[in-house]
Amino acid sequence: MTDAAEEHRAPGAGGTVPAHPNDGVPGDGTKMFFYDSDTLPYRSNEEVSQWLPEEQRGDFLDAVGRDLLSTTILLSKSLTVVRSRVGPGARVKPHRHGTNQITYVLSGELRYGARITRAGQGVFSPNQKYTWTAGPEGAEWIEIHDGLPAPYQLD
C-alpha cells in the first residue's frame, strides 16, 4: 500500500472510513508507469464494501449497487484514475466523492436524468452530487478525480 492510501481517510456515511488499499494498483503518482487496464483486477462494490466499517456497508451498497466492477489505475493525493463497468439498467443514488471528477464513457451509455453520455462523451462534476442509470447495453467508463475520492458521500 502506498502512503497516499495509508494516510487518506475519506468521509463516508456516518463518519470517516479508510480509503481502499492500493494493492494491485500500478501507479501511485511517484513515477512513470505503463499499464493494461484489461489485466488489472476488477473488484465489485460488494468487495469494496468490505473495506468499510460493517455499520456503513448497507448504506454504501444501497447507494451504489452491488454489481459495479472497477479497477484503479492510479491512486495518489493529487490524481486518481478508475475504470468501471456495469450491466444494463444499473443505477446509483445521488452521491459525490469529495473531489472534482471527469467521467469519460468508453462504451454503452450513462444517463444523468435527461442527459445521455455515450462512448466518446463525458461529464464534469465539480464535487457535487450526481446520479446515473446505465443504458440498455450497460456502460464502461473512466473516472478521473483531482485527489483521493471517498467511496461515496450521500450528504
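Just so you know, these numbers come straight off a predicted model, no measurement behind them.
Listed for the T131 side chain is a donor-acceptor partner under 3.5 Å among the backbone atoms of V92. The main-chain N or O of P53 is never found under 3.5 Å from a side-chain atom of Q56 such that the two would form a donor-acceptor pair.
If you chain together hydrophobic residues whose side chains sit under 4.5 Å apart, V86 and L69 never meet in one group. Clustering ILVMFWY residues whenever any of their side-chain heavy atoms sit less than 4.5 angstrom apart, transitively, puts Y42 in a cluster other than the one holding V64.
By the ring-ring contact (aromatic ring centres under 6.0 Å, His included) test, Y104 pairs with no residue at all, sequence neighbours left out. Among residues two or more places apart in sequence or in another chain, the salt bridge (charged side-chain N to carboxylate O under 4.0 Å, His left out) test is passed with E143 by none.
Taking CG of L40 as the start and OG of S70 as the end, the distance is 11.0 Å to the nearest 0.5 Å. A distance of 8.5 Å separates CD of E137 from OG of S107, quoted to the nearest 0.5 Å. The CG atom of L52 sits 9.5 Å away from the CG atom of N45 when rounded to the nearest 0.5 Å. Rounded to the nearest 0.5 Å, atoms NE2 (H145) and CG (L75) are 10.5 Å apart. From H97, atom NE2 reaches atom NE2 of H95 across 3.5 Å, with rounding to the nearest 0.5 Å. The structure places CZ of R57 at 12.0 Å from CH2 of W51, a figure rounded to the nearest 0.5 Å.
Between L61 and E46, the closest side-chain pair of non-hydrogen atoms falls below 4.5 Å. In this structure, L148 and T99 have side chains that are not in contact, with every pair of non-hydrogen atoms separated by 4.5 Å or more.
No hydrogens or angles considered: nothing links the side chains of R83 and T71 as a donor-acceptor pair under 3.5 Å. Defined by atom type and a distance below 3.5 Å, a donor-acceptor pair is missing between the side-chain atoms of N127 and N100. The closest side-chain donor-acceptor pair between Q101 and T103 falls under 3.5 angstrom.
By the 6.0 Å contact criterion, OH on Y35 is open, its count of non-hydrogen atoms from other residues, nucleotides or ligands being 12 or less. More than 12 non-hydrogen atoms from other residues, nucleotides or ligands lie less than 6.0 angstrom from CG of D62.
For R96 and Y130, the positive end is not near the middle of the six-membered ring at less than 6.0 Å and at most 45° from its axis.
In this structure, F33 and I73 approach most closely via the heavy-atom pair CZ-O, 3.7 Å. Residue V82 comes nearest to T80 through the heavy atom pair CG2-CG2, 3.9 Å, listed as atom of the first residue, atom of the second, then distance.
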Table please: side-chain donor-acceptor pairs of residues 114-126 below 3.5 Å, with sequence neighbours left out.
unit_1	atom_1	unit_2	atom_2	d
T117	OG1	L110	O	3.1
R118	NE	E109	OE1	3.3
Q121	OE1	R118	N	2.8
S125	OG	Q128	O	3.2

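The residues D59 and K93 are annotated as not salt-bridged, no charged nitrogen and carboxylate oxygen being separated by less than 4.0 angstrom.
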Exercise for review: Evaluate the side-chain contact (heavy atoms from CB on, under 4.5 Å) criterion for residues I142 and V81: first the C-alpha distance (whole Å), next the side-chain angles of each, then the deciding distance (0.1 Å), finally the verdict.
Suggested key: CA-CA 7 Å; I142 298 282; V81 180; 3.8 Å; yes

